[in-house]
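Down below is the structure, laid out as structure tokens.
All of these numbers come straight from a predicted model, not from anything done at the bench. Throughout, protein chains are lettered first and strands after them, A, B, ... in sequence-line order, and every chain is numbered starting at 1.
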Protein chains: 2
Amino acid sequence: MDRELLLLGILREQEMHGYELHEFIDKNLASCTDMKKSTAYYLLKKMEEAGLISQETRQEGNRPPRQVYHLTPAGEAEFQRLLRENLAHYRTAYFTGDIGLVFLDQLDPAEARSLLLKRRAELADELAVAESIPGHPSSLQLVFDHLVYHLRAELAWTDSIIQRLNGSDA
Amino acid sequence: MDRELLLLGILREQEMHGYELHEFIDKNLASCTDMKKSTAYYLLKKMEEAGLISQETRQEGNRPPRQVYHLTPAGEAEFQRLLRENLAHYRTAYFTGDIGLVFLDQLDPAEARSLLLKRRAELADELAVAESIPGHPSSLQLVFDHLVYHLRAELAWTDSIIQRLNGSDA
DNA sequence: ATTCAAATAGTCAATTTTGACTATATTATG
DNA sequence: CATAATATAGTCAAAATTGACTATTTGAAT
């Protein structure tokens, strides 16, 4: 339901067509969800059938016609409901990367260490990117702040694992 | 692929049947993945068809017969590959809870605050549960440590948002 | 000994999600 | 100007995921 909330919330502030919608989420909200383009279209069609949004074919210049979506009153009500539902509950994030850690002792410490150093480098890169995003005046700022806060914690934690491996290596 | 890695890795250490496998993941590795029972069965069947695991019907007492799975050499090779792949890369966790935060300013600060306090309570409960798990001697310890570390960070961050709302409320 | 609840072990249809593909428009490059 | 690359806007069949359901066994309570 969270993805519906996201689509409804964005459309509520500004009518958009499917491509633009996915583009926006992919650029700005990648830390919240990894919704693919085709999923966005699927959800839009589903919500349109449910009467939450209505589409309007719009022609601009000699571009091919695009479907522009906007909220219906029912969609507005659903947005309000989903927003409160989301805010009132804590949903844990899943750490797929921990699955590998479960079997870390199956590798010799030297190889484990070198693999995790590669992981650490990717993480550090992501953090650098996140930190370089200039302050956003919008409500997206919270999301960016959270991302940076989280990535810093992850980096420290990853370093602590690598540290342990250094020990068992000596 | 991470779920395959998880199933292969567990089966590698101890042969199991589908129900037991899902049970184990659900109890111990809920912070890594939220795989449903039917998904586990689907993946087991798929991996069996791919020759990564083989099943054996086993009868115990007068219970109905159960399918017990164990790794094939191809499965062992795939495990090794997936393990290195997983360890060498950083996969971000997704914060579905942040979707609500994007639209936080659509509510009046008092209501937003009360909703987030409910969320905070759930988070604090989860943290308490995670902290109460006694030290595990196995390789699962890393996962539990990570979970506690992460939940503490999340709690602090959630408190910081609530704090901001207190300010704008006064 | 009987009934009730919980644990065990799955199956299957329906839903959700995705990757691969199509097609046009705009911009850049030589 | 031709053409190559990229951005725009989607569609669709295949794959993954799930919720709801069935059915037996074990343990507990009466």
*Report the C-alpha distance between A/R152 and A/E131 in whole Å, list the side-chain angles of each, state the deciding distance to 0.1 Å, and finish with yes or no for salt bridge (Lys or Arg N to Asp or Glu O under 4.0 Å).*
CA-CA 10 Å; A/R152 283 184 185 147; A/E131 278 175 333; 2.7 Å; yes
*What's the CG-C1' distance between A/D34 and C/dT18, to the nearest Å?*
10 Å
*Which residues, if any, of residues 35-43 of chain A bring a heavy atom under 4.0 Å of DNA chain C?*
A/K36, A/S38, A/T39, A/Y42
*Taking only heavy atoms on the protein side, list every residue of residues 15-31 of chain A lying under 4.0 Å from any atom of DNA chain C, sorted numerically.*
none
*If you group Ile, Leu, Val, Met, Phe, Trp and Tyr whenever their side-chain heavy atoms sit less than 4.5 Å apart, what else falls in with B/L151?*
A/Y90, B/L123, B/L127, B/L147, B/V148, B/L155
_From CE of B/M1 over to P of C/dT18, roughly how many Å is that when rounded to an integer?_
14 Å
*If every non-hydrogen atom of A/R12 is compared with every non-hydrogen atom of B/Q106, which pair is closest and at what distance?*
NH1-OE1, 2.7 Å
*Any pair with a residue in residues 38-47 of chain A that passes side chain to side chain donor-acceptor pair (under 3.5 Å), sequence neighbours left out, goes on the list, sorted by first then second residue, please.*
A/E4-A/K46
*asked:* Please find the pair of heavy atoms, one from B/L83 and one from A/G100, that lie closest to each other, and give the distance.
replied: CD1-O, 3.5 Å
*Please walk me through it: do A/D159 and A/Q163 pass side chain to side chain donor-acceptor pair (under 3.5 Å)?*
CA-CA 6 Å; A/D159 281 338; A/Q163 204 54 47; over 6 Å; no
*Is any side-chain nitrogen or oxygen of B/R3 closer than 4.0 Å to OP1 or OP2 of D/dA16?*
no
_Using only atom types and a distance under 3.5 Å, with no angle test, would you say the side chain of B/D26 pairs donor to acceptor with the backbone of B/H22?_
no
*How about A/E48 and A/S54: does a side-chain donor come under 3.5 Å of a side-chain acceptor?*
no
*Distance, rounded to the nearest Å, where A/R66 contributes CZ and D/dT11 contributes P*: 14 Å
*Could you tell me whether a side-chain N or O of B/D98 sits under 3.5 Å from a main-chain N or O of B/L101, the two making a donor and an acceptor?*
no
*Compute the angle between the rotation axes at the two ends of the helix from C/dA1-D/dT30 to C/dG30-D/dC1, each taken over five pairs, rounded to 10 degrees.*
30°
_Residues which pass side chain to side chain contact (heavy atoms under 4.5 Å, CB included) with B/D105, listed by chain and number, not counting sequence neighbours_ = A/S139
*Using atom CD of A/Q67 as one end and atom P of D/dT8 as the other, report the distance to the nearest whole Å.*
18 Å
_A/R91 atom CZ: more than 12 heavy-atom contacts under 6.0 Å_ = no
